[in-house]
Amino acid sequence: LLSVAAAVAIIGPAMAVSPEEKERTLDYLYSVMPLPDSLNYSRSFWEKNVETSLEARETMPWGHKVPDREWRHFVLPVRVNNEELDSSRMVFYHELRDRVKGLTMTEAALEVNHWLHEKASYRPSDPRTSPALATVRTGWGRCGEESTLGVAAMRSVGIPARQVYTPRWAHTDDNHAWVEVWVDGAWQFLGACEPEPVLDLAWFN
């Protein structure tokens, strides 16, 4: 897994962000993150994630179309599940920003999911969810890992995203996880790493 320093070395310095805005955003993030995250990860780790999030908001065409509430709750946070946190936001933003350039928000969400399909496929794994970069490295994961990866990738380019779970289907004693994205004013779903031509389409419907 890449450290923050290694990620910065790969992608270069972030776009200039107002120190005041960065500080306000960082203060907010500290106020809502789980206490262990504030203790287990360095301030520089959180600073770099905030800088990248603010840069994506400025550079993505839909950045300022996302309401502040959705941005604070479903873009800015790094944690998705119970995974170890890594430098995926910086790495994914660098890899995806040009790929989604010039697309609509809906097209960008679909394109990110095609990119996810290139990175990982389904395979059962241990109960603890692996970090997003670990899933990319191995190339596989269960639905929990794939959706954690999916949320991390969507958020990296400023698309609000959240992980959704069902503990049991009506027809079988099994669970599943997928992704919802906020695009153009509404939440819609998709199967992470399961590319489809439109949103609101996955194997379970």
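Given the structure is predicted, the values throughout are model-derived calculations rather than measurements.
Defined by atom type and a distance below 3.5 Å, a donor-acceptor pair is missing between the side-chain atoms of Y30 and T25. Looking only at atom types and distance, the side chain of T129 has a donor-acceptor partner in the side chain of R142 under 3.5 Å away. In this model, no donor atom of one side chain and acceptor atom of the other lie less than 3.5 Å apart for N113 and E194. At a cut-off of 3.5 Å, with distance as the only test, no side-chain donor of E23 or Y28 sits close to an acceptor on the other residue.
Side-chain contact between L29 and V50 is present, with at least one heavy-atom pair separated by less than 4.5 Å. Counting only heavy atoms from C-beta outward, the side chains of N49 and Y41 never approach each other to under 4.5 Å. Looking only at side-chain heavy atoms (C-beta outward), H176 and W203 come within less than 4.5 Å of each other.
Taking 4.0 Å as the cut-off between side-chain N and carboxylate O, R24 and E21 do not count as a salt-bridged pair. Between K119 and E145, no side-chain nitrogen of the basic residue sits less than 4.0 Å from a carboxylate oxygen of the acidic one, so the salt-bridge criterion is not met.
Between W187 and F74, the distance from one ring center to the other falls under 6.0 angstrom. For W178 and Y165, the ring centers sit 6.0 Å or farther from each other.
Between the NZ atom of K48 and the NZ atom of K22 there is a distance of 8.5 Å, given to the nearest 0.5 Å.
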Give every donor-acceptor pair under 3.5 Å between a side-chain atom in residues 62-70 and any protein atom, sequence neighbours left out.
| unit_1 | atom_1 | unit_2 | atom_2 | d |
| --- | --- | --- | --- | --- |
| W62 | NE1 | V157 | O | 3.0 |
| H64 | NE2 | E58 | OE2 | 3.0 |
| D68 | OD2 | R72 | NE | 2.8 |

For residues 101-111, dump all side-chain donor-acceptor pairs below 3.5 Å to protein atoms at least two apart in sequence or in another chain.
| unit_1 | atom_1 | unit_2 | atom_2 | d |
| --- | --- | --- | --- | --- |
| T104 | OG1 | E107 | N | 3.1 |
| T104 | OG1 | E107 | OE1 | 3.3 |
| T106 | OG1 | D184 | OD2 | 3.2 |
| E107 | OE1 | T104 | N | 2.9 |
| E111 | OE2 | R99 | NE | 2.7 |
| E111 | OE2 | R99 | NH2 | 3.0 |

